[in-house]
Amino acid sequence: MSKIAIMGAMPEEVAPILEKLGQYKTTEYAGNKYYEATYNGVELVIAYSKIGKVFSTLTATTMIEHFGAKKLLFSGVAGAISSSLKVGDLIVATKLSQHDLDITAFGHPYGFVPEGAVYVEADKGMIKLSKEVASDMGKSVVEGIIATGDQFVANEDRKNWIGKEFSADALEMEGASVAVVCDALSVPFFILRAISDAADMDASFSFDEFLETSAVESAEFVMKMVDKVIAD
Ligand code: 3QA
């Protein structure tokens, strides 16, 4: 089994994963810390990128090109768009889009640039495995579309626009950029998020209150995913 990358954006998103591993080697590279460990006989590289599309692009690329990761799993929190998603609920991305990418002045759809695509699809094999993980854990996980942009959305109108334009169920700030990198480099990827807020006017308060607990929910699920991927 080849090397697996596990990434988050914020320290809180990877802390529960590092805790679970106990021992790891830390390497500084391009302004981030990368943690390497052997887990059930498989090499892992773990990192938080810092917030946003640019930092997450750098980290995903580094994990693949420098550390040699052959699969990538992302764990973190997200704002809910779909009203059925509540704080702590888990969402697996089927496909992802950049909601702040806009050359519509030239007649292109939102999220599109020439030679790119509005959506990048996540690995179907890992999505399938996530259903087994959910049933093993007795948890419900929904599949949905995730929209990504360099904005902490705390506005009902913006949230609803993103939901409508991209048919998105949740939003965050890193998924689509990681997806673009993995797709370009042919690395299967899996993006899981636990809801921390509803991207509305209370979002910052909800986020502060639930970041840690939702990050743990996501991390626990992702580690069970890693077990499945290794056994698969
Ligand atoms: C937000 C984090 C970023 O990595 C994206 C959380 C949860 N709710 C969201 C929302 N809009 C967009 N994204 C999200 N993550 C960082 S801002 C807070 C930083 O605090 C997902 C996400 N509504 C640092 C302390 O000052």
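In listed order, ligands and their atoms are each counted from 1. Because the structure is predicted, anything quoted here is derived from the model rather than measured.
Atom 6 (C) of ligand 1 has its closest protein heavy atom at F207 CE1, 3.4 Å. Atom 17 (S) of ligand 1 has F152 CD1, 3.9 Å as its closest protein atom, hydrogens excluded (heavy atom only). Annotation: atom 16 (C) of ligand 1 to nearest protein heavy atom, I51 CD1, 3.4 Å. At the shortest separation from atom 20 (O) of ligand 1 among protein heavy atoms lies M10 CE, 4.2 Å. Atom 15 (N) of ligand 1 has as its closest protein heavy atom V77 O, 4.0 Å. Scanning all protein heavy atoms for the shortest distance to atom 8 (N) of ligand 1 gives D197 OD2, 2.6 Å.
In K70, the NZ atom is not crowded: 12 or fewer heavy atoms of neighbouring residues, nucleotides or ligands sit closer than 6.0 Å. Other residues, nucleotides and ligands place more than 12 heavy atoms under 6.0 Å from the CZ atom of F112.
The shortest separation from a heavy atom of A154 to ligand 1 is not under 4.0 Å, leaving the residue out of contact.
One hydrophobic cluster, built from ILVMFWY side chains closer than 4.5 Å, holds both M223 and Y24. In this structure, F74 is not a member of the same hydrophobic cluster as M10, with clusters built from ILVMFWY side-chain heavy atoms closer than 4.5 Å. F205 and F207 fall into different hydrophobic clusters, where Ile, Leu, Val, Met, Phe, Trp and Tyr are joined by side-chain heavy atoms under 4.5 Å apart, directly or via other members.
Using a 4.5 Å heavy-atom cutoff, the side chains of L192 and M225 are not in contact.
There is no protein heavy atom less than 4.0 angstrom from atom 25 (C) of ligand 1.
Listed by number with element, the atoms of ligand 1 under 4.0 angstrom from any heavy atom of A199 are 23 (N). Residue S196 approaches ligand 1 through these ligand atoms, each under 4.0 Å from one of its heavy atoms: 7 (C), 8 (N).
Scanning both residues, G175 and I191, for their nearest heavy atoms gives O-CD1, 3.4 Å.
Under 4.0 Å from ligand 1, the heavy atoms of A9 that appear belong solely to its side chain.
In this comparison of K159, K50, M173, the heavy atom closest to atom 5 (C) of ligand 1 sits on M173. Among R158, E174, Q151, the residue whose heavy atom lies closest to atom 3 (C) of ligand 1 is E174.
Side-chain contact check for E172 and T148: at least one donor-acceptor pair (N or O, by modelled atom type) lies under 3.5 Å.
Taking the charged nitrogens against the carboxylate oxygens, D123 and K71 have no contact shorter than 4.0 Å, which rules out a salt bridge. Between E132 and K224 there is no salt bridge, since none of the side-chain N atoms of the basic residue sits less than 4.0 Å from a carboxylate O of the acidic one.
Checked against a 3.5 angstrom limit, the closest N/O atoms of V153 and ligand 1 fall inside it. Distances between N or O atoms of E13 and those of ligand 1 include no value under 3.5 Å.
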